[in-house]
Amino acid sequence: MSPIHYVALSVILFVIGGVGVLVRRNAIVVFMCIELMLNACNLAFVAFARMHGNLDGQVIAFFVMVVAAAEVVVGLAILMAIFRARRSASVDDANLLKY
Amino acid sequence: MTTLHTVAATGALKLSWLLLAFPLFGAVVLLLGGRRTNRWGHLLGVAMPVAAFVYGMIAFFTLLGDTDRSQDQHLYSWIPVAGLQVNMNLLVDQLSICFVLLITGVGSLIIIYSVGYMSHDRDRRRFFGYMNLFLAAMLLLVLGDNYLVLYVGWEGVGLASYLLIGFWQYKPSAAVAAKKAFIVNRVGDAGLTLAIFLMFAEFGTVSFSGVFGSVKSGGSGVATALGLLLLLGACGKSAQVPLQSWLLDAMEGPTPVSALIHAATMVTAGVYLLVRSNPILAVTPDARLAVVLVGTVTLLFGGIIACAKDDIKKSLAGSTMSQIGYMTLGAGLGPAGYVFAIALLLAHGFFKAGLFLGAGSVMHGMNDEVNMRRYGGLGRVMPITSVTFGLAYLAIIGIPPFSGFFTKDPIIGADFSEHGAAGKVLGTLALIGAGITAFYMTRMIFMTWYGKRRWEPEAHPHESPAVMTWPMIVLAIGSVGAGAFLILNDRLQKFLAPVVGVPPTSEGVFSTAGLVALAFALVGVALAWVMYGRVPVPAVAPRGRPLTVAARKDLYGDAFNESVLMRPGQWLTRLSVFFDNRGVDGLVNTLAAAVGGTSGRVRKLQTGFVRSYALSMFFGAAVLVALLLVVRL
């Protein structure tokens, strides 16, 4: 089995996510793009685990999912707090912490 | 040339610490007692020096009756460390007892006089406290049996003189004069300090007996260095050229202070140091020559200044410089001169104290006027002062049988017989000095006591109270008799012989040099009469010839110090301040400014836009990955 297709899909998903993080202003969308990048990584991990025939990559994928879930909890809470305070979910509006 | 042999103190001399304890007790009580001692403070201030004098007399007669006249009393071990043992010992021998009697005797008379002189001063108690401190320090100076204890007294004298010269510190001139005296003295003190260091380094001891015992084997280089350093110390305390400038300004203090500084304490300390260190000087003819030169220059220098001053106290101060110059000259002549230096010092203690107290008495009656051109004709209104002043005058110019004749002229005589051709030149200069002395003293007499009354309109001169006149009378008796008493039958010479050695030859009292000096003195008197006695003295000083103008400005001593020492010193400080500001501070400040400026620019990158941070992270990660790939390949 050749992993090349899986890796290609993973790269496409990762780039979409990365570009989304860089160009989108809406914090929810930026968040979703980060999830996309994480899942692109998961795809690559699982694909390589399958290729090598061991479970290491799959275990790592589970770890990533757990971390992503925790991150979503904290991140969404922060987002809610910011939205309540400023009536906006734009990441560019939250720029007070600077020089 | 003798070395010091001492025995442990016995009998009455076991209590020699009392000499120090009396005035020190007075000083402590008066200075710490506060206002509650105001009422009786001056009485204690008088009683303590008198008590010390009485004990000094007892000690003196005990010494006279004793065969071993050099007694050392061990008080306690001061610095007991390996390699250096310094004991707090008091040395009562022939030399120190002479000084003790002079200091406490003349000091007591001056302090009694101060009761009258300072009676209207607000701070009379403080004054008597300082005077007692002065006497205590001076007694410690002459009684210490090693150079370190001497040094403590030496510094104590410097401190007390600072406090007393600046006693009226609300006058800026007095405050400046006090500072000047202290600072100039510090220069001399540096010489003494270095001498003590050198003794410790070379001989491992600072005690008189230890140093004198090993100085002969220490090589002439060390002895010459020691002699010159001690001379520097003596120059500071005794106001010898080139450290003379403080003495004339020191007249800012109350007149009894001037009398005490000039007659009994302070300026005599340098002569004491030189005479006490005679075993060191004996080894080094070079240092002795330097001492003689300093003495000769100073005796002329002081005399010339005294001739031009219209301020009676400053004129007397110049006279002191000149007389101390004679003593230094005597101390530089070796065994031929030590005895006469000490004799002149003791006689000078009497007549100079008498002159100063007389001047103080005149000032007391003349609303503190010091300008002799505003005196004149005071002989009638102040008979006692004028007679005592006159007797002291006859003593200082060396008219026989007054004390100056017996004590000063032998120094001139000894000068001629020493040092070959140089001695002839220096002796001639000393003779001229005798003429100058007679001139300025006669000038002072004519300007003060004779002639027309040139007083300020509000002046009402009157004779001083008995508490001031009696000390002057006693001092006048001393001025008349001290010289003859000390010199005739070689009394002082025999007494001091164990400490300073015996003069090689004694020419007798009426030596050729003495008679020539007398002739010079008479010429000086005649000249002064022609200039100030025969013609009326103008109340405002005429412009004067160049030498007079120079002498009025202390022969440019201050100008010299200012241009040679002070200005370059200021330049040096300015240079170092400049270097500090621009060099050291500049380096540090530039570095700090560079860091600050750079970070000020760099921090603009912190925009607060999360997406730009993400972009930079993205590029950073991309670059890292690319680099990893490059390295792998």
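Note on naming: letters A, B, ... go to the chains in the order of the sequence lines (proteins, then strands), and numbering restarts at 1 for each one.
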Quick one: list whatever passes ring-ring contact (aromatic ring centres under 6.0 Å, His included) with F200(B), sequence neighbours left out.
->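 By the ring-ring contact (aromatic ring centres under 6.0 Å, His included) rule, F200(B) matches no residue at all.
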Taking ring-ring contact (aromatic ring centres under 6.0 Å, His included) as the test, write out the residues that go with Y147(B), two or more places apart.
->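 Expected list: F208(B).
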Is it the case that over 12 heavy atoms from other parts of the model lie below 6.0 angstrom from the [atom1] atom of [X]?
{"X": "F618(B)", "atom1": "CZ", "result": "no"}
{"X": "Y151(B)", "atom1": "OH", "result": "yes"}
{"X": "F619(B)", "atom1": "CZ", "result": "no"}

Find the N and O donor-acceptor pairs between chain B and chain A that sit under 3.5 Å apart.
from, atom 1, to, atom 2, distance (Å)
Q606(B), O, Y99(A), N, 3.1
R611(B), NE, D92(A), OD1, 3.1
R611(B), NH1, L22(A), O, 3.2
R611(B), NH1, V23(A), O, 3.2
R611(B), NH2, D92(A), OD2, 2.7

Which heavy atom of A614(B) sits nearest a heavy atom of L22(A), and at what distance?
->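 Closest approach of A614(B) to L22(A), heavy atoms only: C-CD2, 3.7 Å.
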Which residue pairs pass the salt bridge (Lys or Arg N to Asp or Glu O under 4.0 Å) test with at least one member in residues 152-178 of chain B, sequence neighbours excluded?
->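 Sorted pair list: E155(B)-R186(B), K171(B)-E252(B).
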